Amino acid sequence: VLEKRHKVWHVENQKGTRREKLELTLPQGELDFGDSVFIDRCEFVYLNIPAKVNNIQILACTKLDVMVPDLIAAAEINASKNVQLQVTGALPACIIEKSNDVHLYLSRTSMDQVEVTACASTGVNVTLPPPTEDADPVEVPLPEQFITTIVDGKLVTKPTEHAG
């Protein structure tokens with residue numbers, strides 16, 4: 001399924017192969033900034049969303065690459081594996097739940113405003129734009145392990161730090 005119903009684009013059960021990813025592009029002339037994009041059970045797919053949309057929901061996908069210029073609300077990734085999301089403009093929030101090996105590529109615009117929430121997920125990495133023109137992008141892993149202590153009767157949680 002690759003269709004628009006009301007204000008929601010449904011990209012469902014699209015499958016490429018290990019040898020050749022299925023490349024899909026939503027039609028730019030039919031996209032509206034109030035639209036949502038729902039991506040469900042796709043495998044080995046590259047999806048280009050060429051215009052600003054409200055939000056993206058990714059569910060139960062494997063080996064999915066998504067490119068989008070701007071999101072008004074959020075990107076949600078749930079129960080997925082090996083997902084890459086590249087946002088070249090604004091991204092206010094990204095929620096990652098029960099997913100493994102997620103890579104989020106941020107723009108200069110989004111890196112100062114985005115809130116990334118991860119729950120029950122492993123291997124989540126964020127690539128930030130280079131700090132200077134002649135530098136390389138910076139890849140940073142999201143912490144997976146935390147230490148909680150009690151300080152003055154309140155729980156204080158910090159990511160585990162490894163020396164080395």
Side-chain angles (χ1 to χ4, degrees), residues 1-131 133 135-142:
V1 176
L2 178 60
E3 65 183 10
K4 184 176 182 179
R5 291 182 228 144
H6 305 288
K7 293 190 82 45
V8 180
W9 282 91
H10 291 263
V11 182
E12 301 174 19
N13 297 306
Q14 301 292 316
K15 300 200 186 316
T17 65
R18 287 184 193 274
R19 290 180 183 247
E20 190 174 343
K21 280 198 169 185
L22 177 62
E23 293 189 19
L24 302 171
T25 299
L26 296 182
Q28 186 164 2
E30 297 178 35
L31 285 166
D32 182 66
F33 66 86
D35 289 351
S36 296
V37 180
F38 177 66
I39 307 163
D40 185 23
R41 294 170 300 207
C42 291
E43 293 181 33
F44 298 101
V45 171
Y46 169 81
L47 177 63
N48 180 25
I49 304 168
K52 178 192 281 191
V53 292
N54 187 46
N55 68 313
I56 296 173
Q57 295 175 315
I58 298 170
L59 178 64
C61 292
T62 303
K63 296 282 187 183
L64 173 72
D65 297 343
V66 178
M67 171 85 85
V68 64
D70 293 284
L71 290 170
I72 295 169
E76 298 176 41
I77 302 168
N78 196 335
S80 295
K81 292 185 254 187
N82 290 22
V83 172
Q84 294 188 54
L85 174 63
Q86 184 171 359
V87 182
T88 57
L91 173 65
C94 184
I95 299 103
I96 303 164
E97 295 183 20
K98 299 177 196 159
S99 296
N100 300 322
D101 301 321
V102 174
H103 205 124
L104 180 61
Y105 295 88
L106 299 178
S107 67
R108 224 170 264 303
T109 303
S110 61
M111 72 181 236
D112 292 330
Q113 69 179 18
V114 69
E115 288 186 2
V116 179
T117 304
C119 172
S121 297
T122 60
V124 177
N125 290 295
V126 177
T127 296
L128 305 173
E133 289 292 323
D136 291 328
V138 179
E139 186 174 320
V140 183
L142 256 62

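In this text the structure is predicted, and so the values were computed from the model without any measurement.
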Quick check: does any side chain N or O of [X] sit under 3.5 Å from a backbone N or O of [Y], one acting as donor and the other as acceptor?
| X | Y | value |
| --- | --- | --- |
| Arg41 | Lys15 | no |
| Ser99 | Ala79 | yes |
| Asp70 | Ala90 | yes |
| Thr127 | Val138 | no |

**Report entry** Test log, rule side-chain contact (heavy atoms from CB on, under 4.5 Å), inputs Val11 and Cys42
**Finding:** CA-CA 8 Å; Val11 182; Cys42 291; 4.0 Å; yes
Any chance you could measure [X], atom [atom1], to [Y], atom [atom2], to the nearest 0.5 Å?
| X | Y | atom1 | atom2 | answer |
| --- | --- | --- | --- | --- |
| Asn54 | Leu31 | CG | CG | 12.5 Å |
| Cys61 | Gln14 | SG | CD | 10.5 Å |
| Glu76 | Gln57 | CD | CD | 5.0 Å |
| Asn78 | Asp40 | CG | CG | 10.5 Å |
| Asp65 | Phe44 | CG | CZ | 11.0 Å |
| Ile39 | Leu47 | CD1 | CG | 5.0 Å |

Specify the closest pair of heavy atoms between [X] and [Y], including all atoms of both residues, with the distance to one decimal.
| X | Y | result |
| --- | --- | --- |
| Arg108 | Pro129 | N-CG, 3.4 Å |
| Glu30 | Lys4 | O-NZ, 3.3 Å |
| Gly89 | Ser107 | O-OG, 2.6 Å |
| Val45 | Gly16 | CG2-N, 4.4 Å |
| Val114 | Cys94 | CG2-N, 4.3 Å |
| Ser80 | Leu59 | OG-C, 3.8 Å |

Pairwise side-chain contact, [X] with [Y], heavy-atom cut-off 4.5 Å (strictly under):
| X | Y | answer |
| --- | --- | --- |
| Asn55 | Ser36 | yes |
| Leu104 | Val124 | no |
| Tyr46 | Met67 | yes |
| Val66 | Val83 | no |

Requested in this report: Please say which of Val53, Val37, Asp32 ends up in a side-chain contact (heavy atoms from CB on, under 4.5 Å) with Trp9.
Outcome: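 Of the listed options, the one satisfying the test is Val37.
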Does atom [atom1] of [X] have more than 12 heavy-atom neighbours from other groups under 6.0 Å away?
| X | atom1 | value |
| --- | --- | --- |
| Lys52 | NZ | no |
| Glu3 | CD | yes |
| Lys98 | NZ | no |
| Arg18 | CZ | no |

Query raised in the report: If you measure only the distance, is there a donor-acceptor pair under 3.5 Å linking the side chains of Asn82 and Thr62?
Result: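 The criterion, which ignores hydrogens and geometry beyond distance, is not satisfied for Thr62 and Asn82.
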Query raised in the report: Between Leu85 and Val102, is a side-chain contact (heavy atoms from CB on, under 4.5 Å) present by the stated rule, with each step listed?
Result: CA-CA 8 Å; Leu85 174 63; Val102 174; over 6 Å; no
